[in-house]
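Just below is one structure, and these are the notes that go with it.
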Amino acid sequence: MPSGQRARAQASAITPGRQTPDAEPAPVERVRALFGGHRLSPGQRRIAQYITDNLTEAAFLSITDLADRVGVSQPSVTRFASSVGFSGYPALREALQPIALSAVAGAPETGESGRNELQTAVDAEIANLESLRRRFADTGQVLEVGRELARSVPLTILGLRISTSLAEYFAYAARRIHPDVRLVSRGGSVAYDALLQSREAGGTWVLAFAMPRHAKETLAAVRAARRTGLRTALITDLTLGPLVDEVDVALTAGTGSRLVFDSYSAPGVLSAAILQAMADADPERTQRRLEQYEHAAEQHDFFLED
């Protein structure tokens with residue numbers, strides 16, 4: 001059986017022109033086959049029915065959003081995934097996504113049902129952004145995290161493997177408004193050394209990024225940060241698991257998983273919101289540093305004229 005990512009690569013291949021319906025069993029039948037033969041509780045049957053009835057949406061929901069839609073708890077969704085033979089909800093979602101993509105590919109090309117693979121990938125990201133927008137109805141957590149990160153001098157930003165790009169973006173922007181930002185993009189003892197130096201220099205917080213696939217070395221670095229006495233905020237797609245358990249604050253944003261490699265629209269917006277909260281936490285320092293940077297940019301001719 002192909003791996004989850006290999007299946008995604010096959011199912012999300014971009015096809016020109018009109019799409020040809022699959023000769024395989026109908027997607028709904030394939031989903032029912034996944035759930036069939038297992039003894040399910042009434043609550044678990046509700047989850048199975050919701051996924052079956054809303055396959056093309058449900059296969060790309062976070063565990064939080066699926067639990068909200070069905071009206072059950074997140075642990076109930078995890079137990080459901082285990083009951084139907086998967087190691088957890090992420091593994092179940094990986095199995096459902098190729099089936100959902102085949103349902104989209106096999107739909108008649110009329111109106112909304114005629115969307116191609118790239119359009120459905122964008123639609124999935126729009127859903128992630130809508131979910132984040134609902135969370136932003138309460139800005140308290142974002143503002144508080146921004147204040148704490150702004151106070152931490154130095155401030156350490158941690159991102160390993162595929163999460164490095166988000167960490168680099170955040171660190172680059174944060175340096176415009178914060179006097180001492182340190183990026184950690186290598187794991188192991190190198191990360192531990194950097195975290196220890198940050199704490200000894202007076203730092204109090206680390207902001208970590210953990211996108212799928214979630215690296216063991218990220219978990220090790222977060223645990224190392226705790227041992228040094230640093231507090232940790234985490235931007236991730238996870239709502240449960242060892243990474244979330246190890247941090248002081250977890251901020252969740254869904255990743256786009258319609259294509260062979262994930263996309264990060266919602267985590268990017270969440271990162272920008274934290275940067276805004278940091279800027280707002282010390283407006284005088286922010287203004288002063290931005291003016292200094294603009295002066296340096298003009299003096300050294302950093303940028304092209306727009």
Side-chain angles (χ1 to χ4, degrees), residues 4-5 7-15 19 21-22 24-35 40 43-74 76-78 80-81 84 86 88-137 211-212 237-240 252-267 269-270:
Q5 194 165 47
R8 283 167 59 183
Q10 295 164 3
S12 60
I14 302 168
T15 55
Q19 303 180 22
D22 281 333
E24 296 181 354
V28 169
E29 296 304 320
R30 293 166 63 190
V31 173
R32 287 174 179 163
L34 283 180
F35 300 156
L40 302 178
Q44 291 171 341
R45 287 196 293 272
R46 285 172 55 203
I47 298 171
Q49 190 62 53
Y50 182 87
I51 293 173
T52 303
D53 292 344
N54 303 275
L55 174 61
T56 56
E57 176 194 32
F60 300 93
L61 293 175
S62 69
I63 190 171
T64 304
D65 288 337
L66 179 59
D68 288 345
R69 304 287 175 87
V70 182
V72 298
S73 65
Q74 294 176 33
S76 295
V77 177
T78 300
F80 166 74
V84 296
F86 293 90
Y89 178 67
L92 171 60
R93 190 169 63 172
E94 285 282 349
L96 290 170
Q97 286 171 355
I99 304 175
L101 288 166
S102 72
V104 173
E109 193 172 357
T110 57
E112 285 296 304
S113 62
R115 294 171 296 181
N116 62 38
E117 294 87 350
L118 299 183
Q119 289 173 310
T120 57
V122 172
D123 289 341
E125 283 287 39
I126 291 171
N128 286 332
L129 290 168
E130 288 285 356
S131 177
L132 184 63
R133 182 180 182 277
R134 289 192 293 271
R135 293 194 185 99
F136 280 170
M211 299 293 113
D237 66 316
L238 299 169
T239 55
L240 298 171
T252 303
T255 57
S257 53
R258 290 269 182 166
L259 304 174
V260 62
F261 294 106
D262 292 340
S263 52
Y264 305 121
S265 296
V269 172
L270 178 55

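Counting begins at 1 with the first residue of the sequence.
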Between Glu125 and Ser265 (side chain of the first, backbone of the second, donor and acceptor by atom type, cut-off under 3.5 Å), is there such a pair?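 Such a contact is found between Glu125 side chain and Ser265 backbone.
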Check whether Asn128 reaches the backbone of Thr255 with its side chain - one donor and one acceptor, N or O, closer than 3.5 Å.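 Yes, the answer is positive, given that a donor and an acceptor are paired below the 3.5 Å cut-off.
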Any chance you could measure [X], atom [atom1], to [Y], atom [atom2], to the nearest 0.5 Å?
X: Arg46; Y: Arg69; atom1: CZ; atom2: CZ; result: 14.5 Å
X: Arg135; Y: Leu270; atom1: CZ; atom2: CG; result: 9.0 Å
X: Ile47; Y: Thr52; atom1: CD1; atom2: OG1; result: 11.5 Å
X: Glu94; Y: Phe86; atom1: CD; atom2: CZ; result: 10.5 Å
X: Leu66; Y: Ile51; atom1: CG; atom2: CD1; result: 5.0 Å
X: Tyr89; Y: Thr78; atom1: OH; atom2: OG1; result: 9.5 Å

Go through it in stages, so that I can follow the logic: the residues are Leu34 and Ile99, the test is side-chain contact (heavy atoms from CB on, under 4.5 Å), and I'd like the CA-CA distance, side-chain angles, deciding distance and then a yes or no. CA-CA 11 Å; Leu34 283 180; Ile99 304 175; 3.9 Å; yes
Identify the residue among Asp123, Asp65, Leu96, Leu101 that makes a side chain to side chain contact (heavy atoms under 4.5 Å, CB included) with Phe60.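 Option passing the side chain to side chain contact (heavy atoms under 4.5 Å, CB included) with Phe60: Leu101.
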Student check: side-chain heavy atoms of [X] and [Y] closer than 4.5 Å:
X: Phe261; Y: Leu259; value: no
X: Pro212; Y: Asp262; value: yes
X: Leu132; Y: Thr252; value: no

Got a sec, which residues hit side-chain contact (heavy atoms from CB on, under 4.5 Å) with Gln44, two or more places apart in sequence or on another chain?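 With neighbours one apart ignored, the set is Leu40, Ser41, Arg79, Phe80, Ser83.
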For the student: nearest non-hydrogen atoms of Ala266 and Leu129, plus distance: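 Taking every non-hydrogen atom into account, CA-CD2, 3.8 Å.
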Which pair of heavy atoms, one from Pro267 and one from Gly254, lies closest together, and at what distance?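 Reported closest heavy-atom pair: CD-O, 3.4 Å.
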I'd like to know whether CZ of Arg134 has more than 12 heavy-atom contacts from other residues, nucleotides or ligands below 6.0 angstrom.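 Counting neighbours around CZ of Arg134, more than 12 heavy atoms of other residues, nucleotides or ligands fall under 6.0 Å, so yes.
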Side chains of Tyr50 and Glu57, donor plus acceptor under 3.5 Å: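 Judged by distance alone, the side chains do pair up.
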